[in-house]
Amino acid sequence: MTALLFLLIAPLFTGSLKWLKARLQNRLGPDPLYDYRNLYKLWHKAWIRPSPSSPIFVWAPVMALLGAFLAALFLPLLPGFSFAGDFLVLAYLLNLGRFFQVLAALDTGSAFGGQGSYRESLVAVLAEPGTLLALGAAALASSQLSLAGLAPLSAENLLVYTLALVALALALVAEGARMPVDDPTTHLELTMIHEAQLLDHSGPLLALYELAAGLKMLVYLGLIALLMPLGAWSFPLVLLLGWLALGYLETYGVKLRYLRLPDLMSYSTLSGVLAVLGVVLRFRI
Amino acid sequence: MTLIYIAFGLLGGQSLLALLAPAAYRYLPLGLGGSGLLLALAGLPAWLGQSSALPLDATAGFYLALLGALYLGVGFYLRDYLAHHPGPRARLETLLLPLFAGSMAGVVLAPLGYSFLFLWEGMALLGYLLIALEGPAALAGSRAFFLASRVSGAGLFLALLLLIQGGPREGLVHLVWAGLVLGFGTKAALFPLHAWLPKAHPVAMSPLSALLSGGMVKLGLYGLYRALDWAGPAPAWVGWLLLGLGLAGAVYALVLGLAENDYKGVLAYSSVENLNLLLAALGGYFLLQHPFFLLAFFFHQAAHALFKGLLFLGSGALKERGLSALGGLFPKLPQTAAYSLLAAAVGAGLPPLAGFLGEWYLYQGFLSVPKGGVVSLLALGVGVLALVGALAAALYVRLLGLAFLGLPRSSQALEVHEVGLYGQVGLGLLALGLVGLSLFPGALLAPLNPPLYPVALLALGLLGLGGGLVYLLQRKPWRSYTPWDCGYNQPGQPGSALSPRMQPNALGYSEQLLRLFPFVEVKIEASREGLLHPPTLRWQGGDWWGTLEALFARGYLFLARQAQRLQSGSLHLYLLLQFLALLFVLGVSWQ
């Protein structure tokens, strides 16, 4: 259920984010519903296939979308699947999408695709430990291993959850290819990470990739919402906060140099490690 | 047991045939493949029924089935592969391979005793001979293999002789386990005793690499698990050692694998990574006796045997193996590429395939630690596993992407051809096993009563929705065009301004990743070949282990020179030494 909801609101989220940024930058900006029309337009266009490419080129956007979509299936924001260890399946389904996306970037034989491919691999290596340590710590603090059973934030687990939230927020920025890590609006191929991989995908393929990127961000926001104590209101609130934070960050922040990324992401890993230590060694504030 | 006797009969018959007939390799699908089928048929019921009747108990059954599945695929593949070898060499290999296969199966069935040691050493020796058959190019690799099997033998002789002499006495338990860890750990590439594997496995011929990486190294793991029956529960330090070294080794091997240029070298490092993860799982089991560790241990071994076997067999189609010289093989080798993609997706741990399930169990094992106390620190293993997962994905993307996708980086890259019908059958059998294992893991793990995630549902969802979407995309209008080259291509000129050399090469792809890890050095040397040429950058991957080895070698040579002084040729010194030795012996016997 969550997956379908996410599929419906993902274009709204990314579209309104563009609108918010434009407003913050004193521009008129596109209509918040623009991304729906954009996806519709892209889906009805013809697409171009680079001559050296293999079938992976077509499968990659499909797998990227399905990876994020199926991952959202395991988020218990609305009733859905739940079992012990589901957050691991969720994290690795996102990996599945990225595996194909990174592979397809090498498929075109172009220099930019290759650059995007290894940069994304680096970001994944930096972000992955923090994400899983944070989720693992939250699961350990709740004494069970499914997302549906995560205990909400309380005085009991304040320290662990705060650290986990820091790790997840940094992972959201990294995996969603947002500002300090990657600039979604860059026009310069040399600085791209996410966009460099999509450079040769056009029309409906691009539509699938864009939808997948939006879904992926929502999945991370959903994970953050699961740790919040407001019950049914957690997700809308987290969505709103995330939306404002991303808009603010991309207006007033700058993109970090690619080589400085390890410095930023080490905070994610560090928070993850501290969260796990906090829960197993029973640290309290 | 009858099936096993027939299987051994088939292997022996195949070796005999090689002595008598020159073209005996033609019968390898029957001799090796057939015996593999029989071994698998004999082993599986013993594993599924959790039989405890020696010699074919559940553990032996599992390993027999694993080896059998591998022999089945490799047996078919060998028929095509050996046809390209010169006659006498193919004959020698046909003689030795069934003996090697038989000794591996024998190790699994042998009871604790001299027969085990005999078969173990026979396996090591035959493996060495088979690698050495590659000629001078394989000299360093076969030597490393031989030395490692000596180290392994030293540990095993120590431990097994103590065990055979009436079981471990109090106080000797630690010595026995030290011997076992050294002996079996070296075979299972326990970090830092793994250095032989990436030297030996890539130089062997591809089907042999598949047997070594898929089968033989697993017997080291088998030995450590079996040692629980022989020597009783392991002391805690064994568990910690295996866990610590295993997790460190997995990361270390992946990083070195990312620096490796040789296609098969990357596969060998990936083997080291998987073996070290398995050792970590076993260490976790020794410490906590939690079933999750055992599930990960058994299931991941089966998955690794099949996917690594498939990848190594696939590499047999490549003539040029340097990743920096490869590229664009997908259209030339569609089947091999598809099989390799499947195997690599398993190796990268992607759900819903088999490689993920083992990691899933391992994660849950780490997360089920008791809170409080030193043992709870195991929960940090989650972070290491996540790092390993991300690095493994990068390793396999790099391997597949550089070899099969994009544009060919050299003219030699395209001198490849698909293997013949028998080879395809061999590859297909292993791939079939892998798909079966991925979709129905419960069938293999049934005796351990495992928790599962909805594997079949996920696979159905992915293939159903994915296939549907791809079908829709294919029906839309599309055309082929050159990749985006920033518009440098002039309208009148054909082709693209991109040249294959603009693609990342083997070290270029992983340079930034390597810089994250302090134990690998990346050097950049800019060299100018004339004013009109752009500078070319060279990379060099080095590592501290090599430096340590060199330091060790220097120290050893220094000691050797000191010892040489004794051999000065002076008769007086020799007489003095003899006299001292006599005094020493008398003194010892006096006591």
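Keep in mind it's a predicted model, so treat the numbers as computed, not measured. Note on naming: letters A, B, ... go to the chains in the order of the sequence lines (proteins, then strands), and numbering restarts at 1 for each one.
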With a 4.5 angstrom heavy-atom cut-off, could you sort out which part of A/Leu73 is near chain B: side chain, backbone, both or neither?
-> neither
Is atom NZ of A/Lys255 surrounded by more than 12 heavy atoms (other residues, nucleotides or ligands) closer than 6.0 Å?
-> yes
Among B/Gly389, B/Pro451, B/Pro454, which has the most heavy-atom pairs under 4.5 Å with chain A?
-> B/Pro454
Are the side chains of B/Leu400 and A/Ile56 in touch, meaning some heavy atoms are under 4.5 Å apart?
-> no
Would B/Gln512 and A/Tyr258 count as having a side-chain donor-acceptor pair, cut-off 3.5 Å?
-> no
Closest heavy-atom pair, B/Ala390 versus A/Ala124, reported as atoms and distance to 0.1 Å, is CB-O, 3.9 Å
Identify the heavy atoms of A/Leu122 and B/Leu516 that sit nearest to each other, and give their distance.
-> CD1-CD1, 3.6 Å
Any side-chain heavy-atom pair of A/Pro50 and B/Thr482 under 4.5 Å | no
Heavy-atom distance under 4.5 Å between the side chains of B/Phe330 and A/Pro52, does that happen here?
-> no
Find out whether B/Tyr363 and A/Leu145 are in side-chain contact, i.e. whether some heavy atom of one side chain is under 4.5 Å from a heavy atom of the other.
-> no
Could B/Lys476 and A/Trp43 be counted as a cation-pi pair, given that NZ or CZ must be under 6.0 Å from the ring centre and within 45° of the axis?
-> yes
Kindly assign one of parallel, tilted or perpendicular to the pair B/Trp478 and A/Trp47, based on the angle between their ring planes and the thresholds 30° and 60°.
-> parallel
A/Leu66 versus B/Gly461, closest heavy-atom pair with distance | CD1-O, 4.5 Å
Determine whether B/Tyr509 and A/Ser117 make a side-chain contact, defined as any pair of heavy atoms from C-beta on separated by less than 4.5 Å.
-> yes
May I ask you to check whether over 12 heavy atoms, not counting those of A/Phe81, lie within 6.0 Å of atom CZ?
-> no
Measure A/Ser202 against the heavy atoms of chain B and call it side chain, backbone, both or neither at under 4.5 Å.
-> neither
Side-chain heavy-atom pair A/Val89, B/Leu458 within 4.5 angstrom cut-off | yes
Hey, what do you get for CG (B/Leu391) to CD (A/Glu128), rounding to the nearest 0.5 Å?
-> 10.0 Å
Taking every heavy atom of A/Leu132 against every heavy atom of B/Val382, the minimum-distance pair comes out as O-CG1, 3.7 Å
Out of A/Ala84, A/Gly136, A/Gly113, which one racks up the most heavy-atom pairs below 4.5 Å with chain B?
-> A/Ala84
Among B/Met502, B/Gln503, B/Lys371, who wins on heavy-atom pairs under 4.5 Å with chain A?
-> B/Lys371
By a 4.5 Å heavy-atom criterion (distance strictly below it), what part of A/Leu259 contacts chain B: side chain, backbone, both, or neither?
-> side chain
Contact leader toward chain A among B/Leu462, B/Leu353, B/Leu378, where contacts are heavy-atom pairs under 4.5 Å | B/Leu462
Would you call the rings of B/Tyr453 and A/Phe83 parallel, tilted or perpendicular if under 30° counts as parallel and over 60° as perpendicular?
-> parallel
Distance, nearest 0.5 Å, that separates OG of A/Ser121 from CG of B/Leu513 | 6.5 Å
Partner chain A: residue of B/Leu472, B/Val470, B/Val388, B/Leu385 with the largest heavy-atom pair count (under 4.5 Å) | B/Val470
Any donor and acceptor pair, going by atom type alone, linking the side chain of B/Trp360 with main-chain N or O of A/Gly85 inside 3.5 Å?
-> yes
Determine the option with the most heavy-atom pairs under 4.5 angstrom with chain A, choosing from B/Gln474, B/Arg479, B/Glu359, B/Arg398.
-> B/Arg479
Heavy-atom pair count under 4.5 Å with chain B, highest-scoring of A/Asn95, A/Leu93, A/Leu281 | A/Leu93
Which heavy atom of A/Pro204 sits nearest a heavy atom of B/Leu473, and at what distance?
-> CB-CD2, 3.5 Å
Under 4.5 Å from any heavy atom of chain B - which part of A/Leu70 = side chain
At their closest point, which heavy atom of B/Pro483 faces which heavy atom of A/Asp200, and how far apart are they?
-> CA-OD1, 3.5 Å
With only heavy atoms counted, which part of A/Asp107 is less than 4.5 Å from chain B, the side chain, the backbone, both or neither?
-> both
Structural part of A/Phe69 lying under 4.5 Å from a heavy atom of chain B | side chain
Taking B/Pro500, B/Ser510, B/Pro504 one by one, which has the highest count of heavy-atom pairs under 4.5 Å against chain A?
-> B/Pro504
Which residue, A/Val276, A/Leu140, A/Leu135, forms the side chain to side chain contact (heavy atoms under 4.5 Å, CB included) with B/Leu367?
-> A/Leu140
